[in-house]
Amino acid sequence: MRKDKKLIINLKTYGLTAAFETAAAKNADLDLARVTAQHRERYQVITTSGERTVTVTGKLSHQAMTPVDFPTVGDWVLVTPIKTTTEQSVITTILPRHSVLARTAAGSDVTGQLIAANVDTLFICMALNADFNVRRLERYLTMAWDSGATPVIVLTKADLCQDLSDKLAALADVAMGAEVVTCSMATGDGLSAVQAYTTAGKTVAFVGSSGVGKSTLINHLIGDDVLMTKTIRADDDKGRHATTARQLLLLPGGGIVIDTPGMRELQLYTGDLDRTFADIATLAQQCKFRNCRHQSEPGCAVQAAIATGELAMDRWESYQKLQTELQYQGMTARERENAKIDRLFGGKTAMRQLLKSVKHR
């Protein structure tokens, strides 16, 4: 009787590159795999021999200093081979990531939460209805530019927008360096521009608020209703969660897509403000003093730009808010308090002098 041939999966269809192959070759006794889903402490991975459900080794768990040191969807990992039907495969190593998306975990101001890893293109989705928010987009771009992935702004539900030109104008200064794609699932406009990024071997990920149409877009790319979708609430245009877990899926054209749950709010864990706010970074270099705080110092190019209207006050305030948020990451409560004093008064000595002068009035 002829035996069936053993299933062999080509991991290049899952985005395997020469760099990851080289990194894995140093441990030939382990199997190379990519994380396709996570369910609490268990991970779904794909290897050349098929899918496996795995956990991390006790050593890897012990060495992890923070949640971002654990595997996430999109990671390339090394797992122990399965020699018997009862043996449990485990992740021993996370290969170096070429990009990583992370945010601050809900309810925490210091703990990071991974979103996805090894993403080539990040689609930042925002609907052209009540969800449209320039300040929120600045947050996503700050995370994206720091991640190593290339951000693309995807404006959905264009068929519901009556002031598209005004909204695009509002994004002109914010979207610097990132392509903006306008699309509509109702009319089909712009969908080909999104699909153009899903080339063979490349990984794309979708992020954005609930209800902006991420799952609907992914279903279109797959060509089937694989992901559940939900309509927005009619009373406030807010979205409902359709995706509840991160997962990696193959596209018919050869690309790879990672779907992520909608976020009510994105708290930054790391970020690249100089890239997102390149206009402010350029102005800061023109200040008279190198250590200019951009408040009341003479020769401040930032304040001069605000005075002439070259720099909008709300964009400057957004920059300051995000700068403070990133500055506080990883600080203890006392360090955050000292940072606030430095920001508001210029140091404890200046604060004491101010309080003393107020007391004697």
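The residues of the chain are indexed from 1 along the displayed sequence.
Side-chain contact between F277 and T142 is present, with heavy atoms from C-beta onward closer than 4.5 Å. When side chains are defined from C-beta on, F70 does not count as touching I94, because their heavy atoms never get closer than 4.5 Å. Using a 4.5 Å heavy-atom threshold, the side chains of V100 and L114 count as touching. Using a 4.5 Å cut-off on side-chain heavy atoms (C-beta onward), V90 and V54 make no contact. Residues F132 and L171 meet the side-chain proximity criterion, which asks for heavy atoms closer than 4.5 Å. Residues M126 and V212 fail the side-chain proximity criterion, which asks for heavy atoms closer than 4.5 Å. Contact of the T80 side chain with the S89 side chain is registered, since non-hydrogen atoms from C-beta on lie closer than 4.5 Å. Using a 4.5 Å heavy-atom cutoff, the side chains of V174 and R315 are in contact.
A side-chain donor-acceptor contact under 3.5 Å links S147 to the backbone of A144. Checking side-chain atoms of R246 against main-chain N and O of I115 turns up a donor-acceptor pair under 3.5 Å. Counting only distance, with no hydrogens or angles, the side chain of T53 and the backbone of Q44 share no donor-acceptor pair below 3.5 Å. A donor-acceptor pair under 3.5 Å links the side-chain atoms of Q38 to the main chain of R40, judged by distance alone. Remark: side-chain polar atoms of R275 are not paired, donor with acceptor, to backbone N or O of W145 under 3.5 angstrom. E325 places a side-chain N or O within donor-acceptor distance of the main-chain N or O of L268, the cut-off being under 3.5 Å.
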Review point. Should S318 and L322 be marked as a side-chain contact (heavy atoms from CB on, under 4.5 Å) after you check the CA-CA gap, both sets of side-chain angles, and the distance that decides it?
Key: CA-CA 6 Å; S318 176; L322 297 181; 4.2 Å; yes
Practice item. Start with the C-alpha gap between L217 and L191, add the side-chain angles, then the distance that decides, and say whether side-chain contact (heavy atoms from CB on, under 4.5 Å) holds. Key: CA-CA 8 Å; L217 274 171; L191 297 182; 3.6 Å; yes
Exercise for review: Verify side-chain contact (heavy atoms from CB on, under 4.5 Å) between T72 and D75, making sure each step is shown before the conclusion.
Suggested key: CA-CA 6 Å; T72 190; D75 265 324; 3.5 Å; yes
Practice item. Give the C-alpha distance, both sets of side-chain angles, the deciding distance and a yes or no for side-chain contact (heavy atoms from CB on, under 4.5 Å) between V79 and I91. Key: CA-CA 4 Å; V79 300; I91 296 174; 3.8 Å; yes
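Atom-to-atom distance recorded for L141:CG and I124:CD1 is 4.5 Å, nearest 0.5 angstrom. The distance from atom CE of M143 to atom CD of E138, rounded to the nearest 0.5 Å, is 14.0 Å. Atom CG of L32 is separated from atom CG of L11 by 5.5 Å, given to the nearest 0.5 angstrom. Note that CG of D146 and OG of S99 are 11.0 Å apart. Values are rounded to the nearest 0.5 Å. The distance from the CG atom of L155 to the OG atom of S184 is 12.0 Å, given to the nearest 0.5 Å. Distance check: R293 CZ to Q303 CD gives 12.5 Å after rounding to the nearest 0.5 Å.
Heavy atoms only, all atoms of each residue included: I9 and G50 are closest at CD1-CA, 3.5 Å. Closest of all the heavy-atom pairs between D274 and A281 is OD1-CB, 3.9 Å. Nearest heavy-atom pair, V154 versus F123, reported as atom, atom and distance to 0.1 Å: CG2-CD2, 3.5 Å. Contact between K157 and G211 at its shortest, heavy atoms only, is NZ-O, 2.6 Å. The nearest pair of heavy atoms linking A175 to V180 is CB-CG2, 3.8 Å. Nearest heavy-atom pair, Q295 versus E297, reported as atom, atom and distance to 0.1 Å: N-OE1, 2.9 Å.
Applying the ring-ring contact (aromatic ring centres under 6.0 Å, His included) criterion to Y140, with sequence neighbours excluded, gives no partner residue. Looking at residues two or more places apart in sequence or on another chain, you find no salt bridge (Lys or Arg N to Asp or Glu O under 4.0 Å) involving D272. Residues satisfying the ring-ring contact (aromatic ring centres under 6.0 Å, His included) test with H294, not counting sequence neighbours, are W316. Remark: N291 engages no residue in a side chain to side chain donor-acceptor pair (under 3.5 Å) (not counting sequence neighbours).
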Under 3.5 Å donor-acceptor pairs involving side-chain atoms of residues 198-208, not counting sequence neighbours:
| residue | atom | partner | partner atom | Å |
| --- | --- | --- | --- | --- |
| T198 | OG1 | Q195 | O | 2.6 |
| T203 | OG1 | R34 | NH1 | 3.0 |
| T203 | OG1 | R34 | NH2 | 3.3 |

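Ring planes of H98 and F20: tilted class, angle from 30 to 60°.
Note on residues 162-188: pairs passing salt bridge (charged side-chain N to carboxylate O under 4.0 Å, His left out), not counting sequence neighbours, are D163-K167.
Of the charged side-chain nitrogens involved, at least one lies within less than 4.0 Å of a carboxylate oxygen, so that D31 and R52 count as a salt-bridged pair. With respect to the salt-bridge test (charged N to carboxylate O, under 4.0 angstrom), the residues K214 and D259 do not qualify.
Taking a 6.0 Å sphere around CZ of R42, one finds it holds 12 or fewer heavy atoms contributed by other residues, nucleotides or ligands. Within a 6.0 Å radius of CD in Q162, no more than 12 heavy atoms belonging to other residues, nucleotides or ligands are found.
If you chain together hydrophobic residues whose side chains sit under 4.5 Å apart, I46 and I82 never meet in one group. Two different hydrophobic clusters hold Y319 and M176 under the rule that ILVMFWY side chains link at heavy-atom gaps under 4.5 Å. A continuous path of hydrophobic side-chain contacts links L137 to M313 [ILVMFWY only; heavy atoms under 4.5 Å].
In summary, the side chains of Q267 and R103 do not present any donor paired with an acceptor at a separation below 3.5 Å, with no hydrogens or angles considered.
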